[in-house]
Structures are given as structure tokens and as C-alpha cells.
There are 2 protein chains.
Amino acid sequence: MASGSESGTGRVTLTDVARLAGVSRSAASFALNGRTDLRISEETVARVRDAAEELGYSPNTTAKTLRTGRSGTVALVSDFIGTTSFANSMVRGALQALRDADALLYTVETEGDRAAEARVLQNLLNRDVDGFIYASMFTRRVEVPAVIERAPVVLLNCVSPDDSVPAVVPDERAAGEAAAAALLNAGHRDRIWFVGTFQAGVTGGAAWHGWSPLALTERLAGIRTALHAAGVELAGTLPIERDWDIANGRASVARLLASSTPSALICVNDAVAVGAYQALQDAGLHVPGDVSVVGFDGSPLTEAVVPTLTSLALPHEELGRVAARMLLEDPSAPRTERIPMPLVAGASIAAPAGIR
Amino acid sequence: MASGSESGTGRVTLTDVARLAGVSRSAASFALNGRTDLRISEETVARVRDAAEELGYSPNTTAKTLRTGRSGTVALVSDFIGTTSFANSMVRGALQALRDADALLYTVETEGDRAAEARVLQNLLNRDVDGFIYASMFTRRVEVPAVIERAPVVLLNCVSPDDSVPAVVPDERAAGEAAAAALLNAGHRDRIWFVGTFQAGVTGGAAWHGWSPLALTERLAGIRTALHAAGVELAGTLPIERDWDIANGRASVARLLASSTPSALICVNDAVAVGAYQALQDAGLHVPGDVSVVGFDGSPLTEAVVPTLTSLALPHEELGRVAARMLLEDPSAPRTERIPMPLVAGASIAAPAGIR
DNA sequence: ATGAAAGCGCTAACAC
DNA sequence: GTGTTAGCGCTTTCAT
């Protein structure tokens, strides 16, 4: 009749612990949380600890969340989880950082549906999530949903229109410079082509949904900057049909080879680079003896071709880790963090054919 | 002084809605949840709905969870999220199924640490998760943590020692049979080798942590069954050093080619198959003219080689989707669901060289 | 130094 | 038909 639910639900509650230790619920709470505001005797603390241990007490997080308004959870909301290993590693990195803070991760995919997105974000808010990691599978500029700003937000692999929201992105521009530098170092000075621009009026295939990927513009800008600094200009850019995949890369490069022979190809991503390998082979040209090739992403494809492809790797894990850390540590600093894209050296770059 | 927190926290609560509609909290609750136990007049329901709408009311899920014990969340606990696209697509499939049930997904990686695993599982339980999807990156037999059984569990890509826990796995055996059948159909009758067994006493490299992958034993069993039924026997199995990657596949096949020429190679996964391609090319042999090749997994690698690789695809999304659905629909049926592995046809199989 | 009591926002008995 | 009330398990203010 009195209070106490010892065997009510089978669940061990703080009340049970307090009763066993012979103290009040609040005393038990203070003891277990190690609070020093109220002074509890050493001996009492020990008694409570023992009681909790004996009963196998584990505090109910839902109740705690209701009371405190903090849940110890973060939501990773992304447009597309995709089929690449991208999201994978980002989640992995985020989990690593969250583990240190003892926080849990909700994973959500919106599939680009703004209405569904709004609903799920509200749902998450109703669960008192402590923050959002708002991710895009393609580096791009996004409109951050208003509702989300009711909790701390960090953008992952995307940036807000006015850069007012903290963001973590790969340093695409520096990667472009590094790609160009690798070729310059090998002695290339002309006939360097870029593969993977979109034709005028086209912003990519179905997967892009009309978004213009910053990866393209920034990588290309970096390449031009580095080349220009060395007094070199790009021989040209090769447009690609819709998606950046192997088949389209092959077709695009095949068209080029019909009329001229490049010294080096900088491909917008690894898949296009693999397509380039195939077109070169079809034309009887060798990598890197006749033509050098560089890719971007650092995907498993780099290991699947002979010779192995040199590529600038997307630091997926690092991106996820930094985003989670920013969210937990100083959610207020509105800065854009650019993570370096390391060069994974393959065997696809050599001195130009002319000077062998 | 009286009740009511209209502008207390800025949050709109059920109390606010009830007050605006001029009804009691419980009446509002019933109206909003569409309960019919207690009869509320149509008109009252409408008034409550309008009030909720006007105030932009969104129910606090934490409070609801505390009260009901059900959270509308599921946890996907996996040993390793890995760098393959495996986890990715499994999560994707699970999310699709969960979306229909309006449930949210926690994603957790244990990294094979049992102690950490126990802690996080308890943590999840403290949050009143409605169920667990316990996944392994390698098809294998697992010891399900005892604590987890306090909530419904479905195993994903793994099975329990006595098959007492509901599980969803790829149908590896049937896939093995399909791989063998593809070769038999093309006319192969002898010199068919399997690539990717482990040497005696070795259970794989670091990634395996001593677990023996069912994928290997089952795929191989299926192959042997299908061949046997056609009166054919495997010429032999080629062991591989540690991990099933490109380099090891290449080395393994190179050793075979030093002493004999196979008619066909069935490789334990796509990476090993890509390595086989490389070794064959090194030996001046062509795929599929001289040697046919089959892989498993259906990874992006199949598209990266020339000719494209025929492979039996792991139905990642389907696995995740079915697991989530089983968990939500009938968590009690202790059955093992085997999901077919579709054959993705490449151009790596042809009639044996002898009968060209 | 300790304990009683309020209340986070919700649901579901129960009495009117 | 509708409203009153008692909690879910926890934290924290306030009085002792």
C-alpha cells in the first residue's frame, strides 16, 4: 500500500536502492551521481553504492531525460545513405567520438524528401536529442531546416548558404592543388586534361537531384590554381554524361582519345578514373607510361586496377569524428572546418611520355 | 500558482492544448490518440485537434515512453561497421522498414569488445528500446549476450548456437550452388578450382578475430553439392593468406598458375576474384576465353574490371529490411530466414578453352 | 547532513 | 460522456 515497487515490474529503481541502503531517494541520487553540492557522508555514499551493486541497479535513462531535458543522444540526419562506403565511415567516425562522451547515435535517412525530413526532425526533437549532425552525401550548399535549429547543429559534408552554421567538409580545393602538384612534380607541363565536368545546363544525373556538387567546382579550382602558379594551363575539361561512374568515364575519355593524346588525366572521382583506364587500354595506351591518371575519393577501386590508382582520399571517418566532436564540445563556434584529403599514392603517375 | 506552464519553457504541452480546447488533459489525450474506449463527442475531438494545430502541439515522446515503456526505437548493434558498403546498405534496408512503422534507429558499433558491448546494451535497455537487431559483418555463429534477451532480438547475418533466436542470413549455400551451376551451364566439367580457403589452423587475418566465417563453409558446401550432382568434382581448393583481399587473391592464384592451368575459378569473394584477374593477366591468360571466373558479394568491384565479373550478390538492403520487419511484426517466431543471393551477370564466364 | 515533496509531460485507471 | 487523479523514475529545491 505504501510506496515501493520492489517486485512490481521486476525493474530495480532508485527507490529500491534507497530503501536497501536505508536512505532517502534524494540522498541515493546524490550519492550515485557524485554530487558535492549537498554533503553526504563518505560512509553513506559507500552504502548506497553497495546497495546499487547488490541489486544490479541501472538508472532509467528515459526518466532522467524527462527530468533534465538532456538525452545523451545525437542524430545523424543524411539525405542519402547511398551505396558507397561514404556514410559508413562517417557514421563510424561519429560513433567513435560519441563513445567517448557516452552518447548514442540515431541514424536517419531523409531520401531528399523535405516533408518527411521535417517530420522526422520534429520526432527527434520530441525525444530531446541533444544535437544534430546534418549530412549530405555530396559536398554541397544546403538550406538547413528551420526546426532543426532548436538544437545545436553541425553540418557534415555540406555548408549553409551564408556559412553561419558550423560545418565540417573535406578540403576539396587543397586536394585539387595536390592532384595538380603530383603531376607537376612528375614533369607534366601540358596536355593535362580534367575529366568530369557537366555540360552546360546539366547538373548531373538522377543521383544529384539537381544539386551542384561543390566537389567539382572546388577540385577544379584547386587544380587550376596550382597549375597556374607553375605557369601551366589545363588543356581542357571533358564533360561527362550524368553520373560520375565507370561507364561514363570510359565513354568520355574515349571521345578525347579519338582526336588527341593527353599527357595526364585528372578525374573527378575514382570511378571515372577507372573508366579512363579502360578507355586508355582500349586505345592501346599504357598507364602511367603513356598517360598518367589521378582520381579523387580514395575508394577501394584504387586497389582494383593495375597499376594502382593515385587518388586524393575523402577522410570519411575523420569528417564524422570531427563533426561529432564539434557538436559535443563547442556547439556555438560557427566555423567551417576543412579536413585535409590525404594523397594515397598508387602507381598511376610517371614522367610524361615525351621525356622518358 | 495554479497548474499550467503555457510560457514556462516555451514548450507547448498537452495541458496547454486541453486548456485552449476547454477540456481535461485526459480528454485531450484520448482525442488526439483517437482512442475509442472512452467516448468523446465528435465535436470535442475536432475542438482538441484545432487547438493542437493552432498551438503547434507536438507530443513529448520522452514522457510518453516513460509512461508506456515503449519508445518506438530499435537498436542496430553490430560488431564492426567496417569499410565495405555492407553495413551501409543493411542500415538502409532497416531504415526503410522502420520508417513504415514510424520507428527510429540507434546505430551502435561494439568493435568486438564484449565488455563495452554489455555496457551499451544496458544503456539501450535503460532507454526502453523496443528491440535489437544484432548484426555481424561476417556471416557466423554468435553467442548472443544474455542481457539483450530482455527485449526482442533478431540476428542479422549471423545465427545463434542452437538456432533458437530469430535470424536473417544470406542463403550462402544456394549461392554456392548457383555459382557452380553457372559454370556447369557454360560447359565446364573439370579443372574447376575454389579460391579462398584458410590453411589448417588459420582462421583468417586480423579482421576475423578468430571467427570462422560461415560464408566460406556454406558457399563451398553449396558448390560441392551442385558439382557432385552433375558428376563433377572440384579440382581443388586454394588456400589464401589471412584476409580475402585483392593482393592475397592474386598471390594465391599465381601459385596455382605456376603448376597448372584451371578451366574456371570460383573465388570466395569479389576482391579475391579481382586478384585472380590480375594473376591471370600476369600469366598471359584471358578471362573468360582461357579461364572463367566467378565471385561472391556483388560489390562495386565487379564493374571495375574488364570483363565485368559475374558474382553472387549479398542482398544487403533486403537483409536489413527483413530483419527490421521481423522485429516489428512477429518478434516471437524463432526462425531463420535465408535471403537469396541474386546472380549479377558479368562477362567473366564462357565455355571452357578446350571446347571453343 | 538529511529527508520530504514537487514536478518533467504523458497515459489510463477510476469516479462523476 | 467528461473530469479527477495517480503514477512512470528520476532530479532538485526547500525545509528540517
Side-chain angles (χ1 to χ4, degrees), chain A residues 1-19 21-48 52 55 57-72 123 125-128, chain B residues 1-19 21-48 52 55 57-72 123 125-128:
Chain A
M1 178 174 279
S3 61
S5 58
E6 173 137 336
S7 59
T9 58
R11 235 197 160 293
V12 178
T13 98
L14 185 60
T15 305
D16 300 325
V17 175
R19 177 141 21 89
V23 300
S24 72
R25 281 217 321 281
S26 52
S29 174
F30 276 58
L32 256 21
N33 292 330
R35 307 257 323 217
T36 52
D37 332 16
L38 264 305
R39 315 196 52 138
I40 312 251
S41 69
E42 277 298 325
E43 189 243 326
T44 303
V45 170
R47 216 167 56 239
V48 173
L55 295 173
Y57 172 70
S58 194
N60 179 312
T61 310
T62 304
K64 184 179 196 157
T65 298
L66 178 58
R67 187 61 233 253
T68 63
R70 312 211 78 234
S71 63
N123 185 343
L125 244 14
N126 292 341
R127 291 164 187 277
D128 304 314
Chain B
M1 180 174 281
S3 61
S5 57
E6 171 139 335
S7 61
T9 57
R11 234 198 160 294
V12 178
T13 97
L14 184 60
T15 304
D16 299 326
V17 175
R19 178 140 22 91
V23 300
S24 72
R25 282 218 318 283
S26 52
S29 173
F30 275 58
L32 257 21
N33 293 331
R35 305 255 326 215
T36 51
D37 330 16
L38 263 305
R39 317 195 51 135
I40 313 249
S41 67
E42 277 297 326
E43 189 245 324
T44 304
V45 170
R47 216 168 55 239
V48 172
L55 295 173
Y57 173 69
S58 192
N60 180 313
T61 310
T62 305
K64 182 178 197 158
T65 298
L66 177 59
R67 187 61 234 251
T68 63
R70 310 211 81 234
S71 63
N123 185 343
L125 245 13
N126 293 340
R127 291 166 187 277
D128 303 313

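Reminder, nothing fancy here: chain letters follow the sequence lines and each chain counts from 1. Quantities reported herein were computed from a predicted structural model and do not represent experimental measurements.
- Each end of the helix from dA1(C)-dT16(D) to dC16(C)-dG1(D) gets its own axis, taken as the rotation carrying the C1' atoms of four end pairs onto the next four within a five-pair window, and the two axes meet at 50° to the nearest 10 degrees.
- Partners of S71(A) by side-chain hydrogen bond (donor to acceptor under 3.5 Å, both in side chains), not counting sequence neighbours, listed by chain and number: T73(A).
- Candidate nucleotides dG9(D), dT11(C), dG3(C) were compared by shortest atom distance to the side chain of N60(A), and dG9(D) ranks first.
- Evaluation of the side-chain hydrogen bond (donor to acceptor under 3.5 Å, both in side chains) rule for S58(A) yields Q122(B), N126(B) as partners, not counting sequence neighbours.
- Considering only the side chain of R67(B), dA12(C) comes nearest among dG3(D), dT12(D), dA12(C).
- Regarding L125(A), its CG atom lies at a distance of 14 Å from the P atom of dG9(C), rounded to whole Å.
- Considering only residues two or more places apart in sequence or on other chains, N123(A) meets the side-chain hydrogen bond (donor to acceptor under 3.5 Å, both in side chains) condition with R127(A).
- Considering only side-chain atoms of V23(A), the nucleotide from dG3(C), dT11(C), dC10(C) that sits closest is dG3(C).
- Phosphate contact (OP1/OP2 of dC8(D), side-chain N/O of T62(A), threshold under 4.0 Å): absent.
- The side chain of L66(B) lies closest to dC8(D), out of dG7(D), dT11(D), dC8(D).
- Qualifying side-chain hydrogen bond (donor to acceptor under 3.5 Å, both in side chains) partners for T61(A), counting only residues two or more places apart in sequence or in other chains: none.
- R47(B) is linked by a salt bridge (charged side-chain N to carboxylate O under 4.0 Å, His left out) to E43(B), counting only residues two or more places apart in sequence or in another chain.
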